[in-house]
Amino acid sequence: MEQSTPTTMEPARSWLLLLCLAAVATAGVLQARAQPDSIGFISVDCGFPGTASYVDDTTKLSYAPDAAFTDAGSNQNISAVYITPKLGKRYLNMRSFPDSSRSCYTLRSLEAGLKYILRATFMYGNYDGLSRPPIFDLYVGVNFWSMVNITSADSPVILEAIVLVPDDFVQVCLVNTGSGTPFISGLDLRPLKSSLYPQANATQGLVLLGRINFGPTDDTDIVRYPDDPHDRFWFPWVDANSWNSLSTTLRVQNIDNDLFEAPSKVMQTAITPRNASKNIEFRWDSEPQPKDPTPGYIGIMHFSELQLLSGNAVRQFYINLNGKPWYPKAFTPEYLYSDATYNSNPYRGLARYNISINATANSTLPPIINAVEVFSVISTTNVATDSQDVSAITAIKQKYHVQKNWMGDPCVPKTLAWDGLTCSYAISSPPRITAVNLSFSGLNGDISTSFTNLKAVQYLDLSHNNLTGSIPDSLSQLSSLTVLDLTGNQLNGSIPSGLLKRIQDGSLNLRYGNNPNLCTNGNSCQTTKAKSKLAIYIAVPVVLVAVIVSVVVLLLCFCRGKKQGSMTNAVKPQNETPMSYVPTGDAYAQSSLQLENRRFTYRELEMITNNFQRVLGRGGFGLVYDGFLEDGTQVAVKLRSETSNQGVKEFLAEAQILARIHHKNLVSMIGYCKDGEYMALVYEYMPEGTLQEHISGNGLNGGFLSWRQRLRIALESAQGLEYLHKGCNPPLIHRDVKATNILLNAKLEAKIADFGLTKAFNRDNDTHVSTNTLVGTLGYVDPEYHATMQPTTKSDVYSFGVVLLELITGRPAILRDPEPTSIIQWARQRLARGNMEGVVDPRMRGDHDVNSVWKAADIALKCTAQASAQRPTMTDVVAQLQECLELEESRGGGGAMKVGFYTSSSSDPYSGNNADGQSTDVSQGSTTFEMEHNFGRVPTMPTGPAAR
Ligand SMILES: *[C@@H]1O[C@H](CO)[C@@H](O)[C@H](O)[C@H]1NC(C)=O
Ligand SMILES: *[C@@H]1O[C@H](CO)[C@@H](O)[C@H](O)[C@H]1NC(C)=O
Ligand SMILES: *[C@@H]1O[C@H](CO)[C@@H](O)[C@H](O)[C@H]1NC(C)=O
Ligand SMILES: *[C@@H]1O[C@H](CO)[C@@H](O)[C@H](O)[C@H]1NC(C)=O
Ligand SMILES: *[C@@H]1O[C@H](CO)[C@@H](O)[C@H](O)[C@H]1NC(C)=O
C-alpha cells in the first residue's frame, strides 16, 4: 500500500453501492442469447399467475410460475409508474406474505450434498401503495442468508448465495422481522460442480457482495447464461477516465482443475490503469450484520493476459490487501488462460478492505485485472430436522391442509419452530420431532399413516378433530410413543391389537374417549354396560345354510315358563323331535322377527333415546344408547349399524332367543325394532355394568366386590346358564360366556347377556349345531370345542369355570406377566401346592370363609377340565355354589380369625383332572388365538369413553 495513490474510480461511494447501481442500471436489459432450457436450472417468476411457464425473451430460459413452490402469500403487481420498457418481465409481479412469520419456497429434485447457486430478486415497485419498502430476513434452509433491506421502489435487489445443499430439496424462506411485509420477485437455482468455490462447504456458504466484469465494451452488458454456463451474473464496470480497457476476441480458457471457471466472455476483457505508473485499487467496507457483527470475506480475483507479449516485455505485479501481501509472490497472468488468486479462509475484523495491485520493479507493463468476486461468508452449521421427520410432517401438513405457521423447517431455527411441535435438539444429530399437538386443528379424514413415520415422537395429540376411519395399528410401531390422544373424534373400528399390547405392557397411554363409533372395549368390542359380543371367527367363512338352519332351530326352540329359575319344573321329553315343540302361538312360526315383545318404530327409538344422544357402549353390530320409555323406565337400545352387514344373523339370533327366554338371571329384552333397514333391540338397563369392570376394579363405585357378593354373582350367572341348558329344549348354548357378558343391575344381581352367538343344541341331530365357525373369546374357549368344532353345553361350563376363577383371583382370563398365561394354568399350579394365598384376590383382604373359597376353586378347576365329560353340568355347579354361599354366609361376621389359614386337604384340586395336560392345551389354544386374532384383555385406560 505504501506507494499507492487513490484511483479516480470511486472517490465517495462504497463498492457495494456501486454494485447495486450497476445492477439497477442494467436490470431488464439482459441480452438475448438463444438457448434451450438448461438442465438443472430452476427459474421461478414469483407472483406470476397460472401454471404455464414462459420463455424469457432475453435469456431464453424458461420461467415457471411459483404456485408449485409455495403455498403461502398472494400475487401482486408492481405499480404502473414503475413499469418501464426495459424492466424484465419477472420484476412486474411478486408474491407477498402478509400473514405468516416465515414463508418459504421449496425447490425439489436436487442432489443432496451438491453445491448450488441460489439467487433471489426483489423489486418493490410500491406494489402495496404504501411507499414503504420493507426490511426482512432471508434464510436458505435453516440458516440465515441475509437481511433484505429494500431501500428504493424502483431498483431490484438481487441476492445470491453459493451453498452446499444437504438434502434433495432446499427451502428459501422469508422471515418477517416486523419491518414490513416480505415479498419476492424471482428465485433461481443453478447447480455447481462440487470442486468449484471450495470456500463453500457443509458448514459455510458464500453470499455474493459483488461480481465484476472489468472493461467490457458495452457497459450495460451483464454477462450470464449461456456465456456463463453456471448463469452467474457478472456486472460490467467501465470507467474510461481511470482505466484503459484491454480485450481480445480469442477464447480465454480455464486452466486444468479451475476452481472458479470464469467464463471466457468475462475474461476476454480487462483493465489497466490509465496512468501506467499507477496501481489498480478498489475496496469494500465491512458491513456488520445484526447476526454477524464481524462478517468474514472471501475475495477472488481473476486474471488472464490478453496481449501476446513481445520479446522482453514483462507484466508482473503484487496484490496487496491493506498494504500487506494478499498473494505472497509476484503474479504474472498467463496468456489466454484464466487464473485466480483468492483467500481460502475469510478475512474478518477489518472495517475496510483496500485492494491494491501494483506492478513490480521488473515489470515493463502495468498491472491488469479481468474480474473480481467478493463474498461474505455465512455459517450453515444449523442442521435441519431429521429428513424422515420432515417428510412425514410435511405429508401430514399437506393431507390435513394444516394452516398454523407450518412453513420451513419444522424445528429449526427454534424461534420459528412449527406451532404444536416439540423437538429435541441433540448436539451430534439432527433435531427430531418428539411431540405433535394437533388438537382442535380441524383435521378431517382418516389418521394419516405418515404419523407412523415420526419415529421419535413420544406424544401425539390428535384430540378434538373430525378424524374418521379406524386407528392404524402401525402407530404401535412408534417405540417412543408414550401418549396417544385421540379423544373427541369420529373414529370407528376397535383398538388395534398392537396398540393394545403397548397399553398392556405399560408403554403407552391411549386416550380415545368421546369417539362415539369406536369399539372401546379391547377385549370384546362391547358396550361398557350391556349386550354385546365379540366373537373369534376362525378363518372359515360362514356357511349360509348353517345360518338358516340355526334360525330354524331357534324358531323351534322351546323354553319353559317365563320368569322361572328353578329346574324342578317338568321339561318335555328330550327324545321328541323339535317339531313337536313348535309353539302354537302365531307369533313364532311365520317370520323370524314376529316376536312377542313390543315392536318399536325407528321414530319411537329416536324419541326414547333423545335422538341417540348418549352412547352407553358398543356392540358388535353397532352402538348401544341410553334411553327412557314413556313411563320413565331406563332402557338400553342396541341399534344395528346401517353399515354393518356382518351382524345381521347374530342380531336376528339374539332377537329370536330373547323373545322367548325369560329368566331372572338372563338380561331381558323389552322390545325390538324392525323398521325398514333399521334394526334395534331394547333391553332392560343394567346400571352396574359388566362383571369384568367390577373384577378389574373399574366398577361404578370403584370398590371391590366382597367374597359373598362374588359368590352370589357366580351363583346367579350359573342359574342363568343352567336355564339355557336345562330349561330349554333343545338346550341353548350361549357360546360366549365371559365376565364382560355378565351384567349387573343396581342390586348387583347378575344377568347373562349377549345371545348373539347362542345356538340350539340338539343331541339327536348334531349337524344342526356343527358349524364351520369357531366362536368365543380368547381365554374362555373350551379346548374340546376348539378341537372338534362341536360346541356343547359343557363348552359353556368351561367358560363359566374361567369366570369363576376370575371372581376368586381378581385376575383376567389371560395373565400377561411375563408371558401370556391362562388363568387356569396359573391357578392350577398354585393350588396344586396348596398355595391359596397366592391365588385368592388380595383385595378381599382375607375377609372370606376359607373353605368356601377352596370349594369354589375346586368347582372352577372341575369346570375347566380338559375333557368335557369330566366337567360338571351347570346343574351340579349351581348346587355346589349354593353350598359355597351357605358356608360363607354361616361364617357370620367373624370370619377374620380364619384369615390366612388355608388347607389343601379340604379339597383336592386335582380330582378327576390331568392338570398338566389341560394347562398345556389351554395355553396352546390361547397362543394360537393370540397370533391370529390378537385379542387381549381390556386395558385400563386413564381416560376413555364415559362408562355410562
Ligand atoms: C396483475 O396484472 C395482471 C396483468 O395486467 C392482471 O391480470 C392481474 O389480475 C394483476 N394481479 C393483481 C393481483 O392485481
Ligand atoms: C437499510 O438501508 C438503509 C439505506 O442504506 C440504511 O439507512 C438502513 O440503516 C438499513 N437498515 C437496516 C436495518 O440495516
Ligand atoms: C484504504 O485506502 C484509503 C485510500 O485509498 C485510505 O484512506 C484508507 O486508510 C485505507 N484503509 C486501510 C484500512 O488501509
Ligand atoms: C527482477 O529482475 C532481477 C534481475 O533479473 C531479478 O534478480 C529479480 O528476482 C526480479 N524480481 C522479481 C520480483 O522477479
Ligand atoms: C395442545 O394444543 C391445544 C390447542 O392449541 C392446547 O389447548 C393444549 O394446551 C395443547 N397441549 C399441550 C400439552 O401443549
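Computed from a predicted model, the values in this text were never measured in an experiment. First listed ligand is number 1; within each ligand, the first listed atom is number 1.
- In this structure, the protein non-hydrogen atom closest to atom 11 (N) of ligand 2 is Asn149 ND2, 2.9 Å.
- The shortest contact between atom 14 (O) of ligand 2 and any protein heavy atom is with Met147 CE, 3.2 Å.
- Of the listed residues (Asn93, Leu92, Asn75), the one carrying the non-hydrogen atom nearest atom 13 (C) of ligand 1 is Asn75.
- Of all the atoms in ligand 5, the ones that sit under 4.0 Å from a non-hydrogen atom of Asn437 are 1 (C), 2 (O), 3 (C), 8 (C), 10 (C), 11 (N), 12 (C), 14 (O).
- Protein non-hydrogen atoms do not reach within 4.0 Å of atom 5 (O) of ligand 1.
- In terms of protein heavy-atom proximity, atom 12 (C) of ligand 1 is closest to Asn77 ND2, 3.3 Å.
- Proximity of atom 2 (O) of ligand 5 to the protein is indicated by at least one non-hydrogen atom lying closer than 4.0 angstrom.
- Counting heavy-atom neighbours within 6.0 Å of Arg132 CZ, excluding the residue itself, gives a total of 12 or less.
- Atom CG of residue Leu159 and atom OG of residue Ser146 lie 5.0 Å apart, to the nearest 0.5 angstrom.
- Within the 4.0 angstrom cut-off, atom 9 (O) of ligand 1 has no protein heavy-atom neighbours.
- Atom numbering of ligand 5 starts at 1 in the shown order; those under 4.0 Å from a heavy atom of Tyr459 are 13 (C).
- Using a cut-off of 4.0 Å between Lys/Arg side-chain N and Asp/Glu carboxylate O, Arg90 and Asp56 are scored as not salt-bridged.
- Within the listing of ligand 2, atoms 11 (N), 13 (C) sit less than 4.0 angstrom from a heavy atom of Ile135.
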